[in-house]
Amino acid sequence: MLSLNFIREHMQEVIDRLAIKNFNGSETIGRIVELDNFRRETQKKLDDIQSQNNQMAKEIGLLFQSGKAAEATLLKEKTGELKTQGKDLDLALENIKKELDDILVRVPNLPHPSVPLGKTPEDNLVVMQEGEILPIAATAVPHWDLTTKYDLIDFITGNKITGAGFPLYKGKGARLQRALINFFLDEAIKAGYEEVQPPYMVNAASAYATGQLPDKDAQMYHVGLDDLYLIPTAEVPVTNIYRDTILKIQDLPVKNVAYSACFRREAGSYGKDVRGLNRLHQFDKVEIVQIAHPDHSYEILEEMRTYVTGLLRKLGLPFRVLKLCGGDMSFTSALTYDMEVWSSAQARWLEVSSVSNFETFQSNRLKLRFKDETGKMQPAHTLNGSALALPRIVAALLENNQTPEGIEIPDVLVPYTGFERIGGKA
RNA sequence: GGAGAGAUGGCAGAGCGGUCGAUUGCGGCGGUCUUGAAAACCGUUGACCUGCAAGGGUCCGGGGGUUCGAAUCCCUCUCUCUCCGCCA
């Protein structure tokens, strides 16, 4: 969430920048400042009463100790009034804080000044494109046909076991998954990330801290009996490692990588977007997370972007990088790059990674801070990115590498798969 | 799941219901000494809210209660440890 002080001191700027995310903040921001003023007033009143209370309690103590019981009793009677006032104020303060917090957690992060204007994905800015976009071969088929042809993924049985969007990977399909996960993890480790294996369920506090709650409540699977959420991305548990943490400046940047299954309800999705591997309820992803000094977070964002495009290059997939426009950015992000790979048989771009800088938006909620050069406490910046999400990578690999002899596995993956081709005589 | 013990500052570990935000040790930081380091010695060392400041307020696992006054008493929840049970 945004910090109250920043909002107070930059009201108009906050409203203007929120508008870039198509969020009309004029009323909300006014209300926030109003409530905060009220909060301060009430707090002050309460503090004064507490102060008087403490003072009197001390005096009473001293009187009793020096044997002046009568005077002490007299003073005791006077504390009743203060107590009632204190209770009322306390209650009022609690209500104000609750209302303030409810509003504050629903205000999105401010976009970085370089974020392009726009409302829809069409307004995103293509910042680079690489790789050859080959014309579609007459015989090329989409991945949902290839997975059936080579018996790699069984959507029907997955549907029987659980439901739509929960595929069953089989044989070389399963091995390809495992190969990709290991390849992505090894590459990240080479790039200096420390591997962690997080829990796949998180509590509400964690989901709030990274911004999934209350914003994306309906997108997460919730286990009601225990009040736990299935993670939509490893970002949630991994970033929450650092909740309520004070880091040393020399520990920055913190670099973590994690593989996890991801669970998303994807309520409201339909049509060609959900066909085959394009959109699933459960999928695999390797996620990179960094915690950075605010002075360097944008350099690190570029570093992460370069890292991810490097992976795509190694896999031999044509890709492009988009800088998301205000309207297409997530609630929590200040600047996001999306990486998309070209799927030849579908003749469309598929999003396979999203790399974002959240600046202090998450760390404010996380209470993730570090002591800076001057010994002052300040919130760190958090960043993360997919490196990478598997399903659409698999889709693109299958579609782009299909030949009459079968599907060719990229050289970098062969040591991981143990086979060079799917189908044919191999 | 059953029985018991516990939860205090970065860590360890004190704390008769009344100047306790908290003794002490370690660690950290600064200094003296030293060519440098170690050792020794001296000093310093929690977070948050509010205020220009002085100051005031809150925090001893979370929440509630008793009391003029709670780290200290009571209730409750959570977690940890030990033992038993069950089990990948």
Side-chain angles (χ1 to χ4, degrees), chain A residues 1-9 32-101 103-105 197-209 213 223-229 237 240-252 254 261 291 360 362-380:
Chain A
M1 63 186 164
L2 302 177
S3 93
L4 270 172
N5 278 334
F6 187 86
I7 293 176
R8 293 180 69 92
E9 286 160 26
I32 286 173
V33 172
E34 188 179 83
L35 274 170
D36 190 47
N37 285 335
F38 193 33
R39 192 201 100 228
R40 286 176 196 224
E41 273 171 41
T42 313
Q43 180 78 59
K44 181 84 179 79
K45 282 185 201 160
L46 179 63
D47 283 358
D48 287 345
I49 288 196
Q50 293 278 51
S51 177
Q52 289 178 51
N53 236 336
N54 291 342
Q55 191 57 39
M56 282 175 113
K58 258 179 209 171
E59 283 175 34
I60 291 167
L62 288 173
L63 287 172
F64 271 122
Q65 275 170 1
S66 52
K68 297 174 183 165
E71 286 180 47
T73 313
L74 206 65
L75 203 54
K76 257 165 90 165
E77 282 162 14
K78 288 166 78 177
T79 57
E81 170 81 359
L82 281 177
K83 250 188 137 175
T84 328
Q85 284 181 30
K87 272 213 172 114
D88 291 347
L89 283 170
D90 202 36
L91 198 69
L93 190 63
E94 208 172 296
N95 289 331
I96 296 166
K97 278 182 175 169
K98 194 174 174 312
E99 189 182 344
L100 185 57
D101 196 53
I103 299 178
L104 206 54
V105 293
Q197 279 193 26
Y200 286 6
M201 292 196 204
V202 294
N203 54 33
S206 290
Y208 264 102
L213 288 178
V223 182
L225 197 58
D226 295 298
D227 194 21
L228 296 173
Y229 294 85
N240 270 282
I241 294 172
Y242 306 98
R243 175 148 54 91
D244 290 318
T245 299
I246 298 169
L247 293 170
K248 295 191 179 112
I249 191 166
Q250 63 266 30
D251 294 335
L252 300 177
V254 172
I291 296 164
T360 61
Q362 290 183 328
S363 50
N364 280 333
R365 287 200 208 181
L366 286 160
K367 295 205 195 90
L368 162 55
R369 294 161 295 169
F370 72 100
K371 278 194 175 156
D372 68 15
E373 299 80 350
T374 63
K376 224 186 106 204
M377 208 72 88
Q378 59 167 306

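In what follows, every chain begins at residue 1, and chains take the letters A, B, ... in the order their sequences are listed.
- Heavy-atom distances under 4.0 Å link RNA chain B to A/Asp47, A/Gln50, A/Ser51, A/Asn54, A/Ala57 of residues 46-57 of chain A, given in residue order.
- Taking only side-chain nitrogens and oxygens, A/Arg369 comes nearer than 4.0 Å to OP1 or OP2 of B/C48.
- With both ends at atom C1', the span from B/C74 to B/G17 equals 13 Å, rounded to whole Å.
- Atom-to-atom, CG of A/Leu100 to C1' of B/C49 comes out at 13 Å; the value is rounded to the nearest Å.
- Ranked by how close their nearest RNA chain B nucleotide is to the 5' end, A/Asn5 and A/Thr79 are led by A/Asn5.
- Here the separation of B/G62 from B/U58, taken at their P atoms, is 15 Å to the nearest Å.
- Pair assignment for B/A70 gives none, since no Watson-Crick or G-U wobble pairing has each distance under 3.5 Å.
- For CD of A/Gln378, the number of neighbouring non-hydrogen atoms (other residues, nucleotides, ligands) closer than 6.0 Å is greater than 12.
- B/A47 atom C1' lies 16 Å from atom CD of A/Gln378, rounded to whole Å.
- Residues A/Arg39 and A/Asp36 are paired through a salt bridge, judged by an N-O separation under 4.0 Å between the basic side chain and the carboxylate.
- Taking atom P in both B/G46 and B/G85, the straight-line distance is 49 Å, to the nearest Å.
- Enclosure of atom CZ in A/Phe38 is not indicated, since only 12 or fewer non-hydrogen atoms of other residues, nucleotides or ligands lie within 6.0 angstrom.
- Rounded to the nearest Å, the gap between the P atom of B/A3 and that of B/G10 is 35 Å.
- When the side-chain nitrogen and oxygen atoms of A/Lys367 are compared with OP1 and OP2 of B/A47, none of them lie within a distance under 4.0 Å.
- Distances from the side chain of A/Ile60 to the nucleotides B/C48, B/C68, B/U50 place B/C68 closest.
- For A/Arg39 and B/C49, the shortest distance from a side-chain N or O to OP1 or OP2 is not below 4.0 Å.
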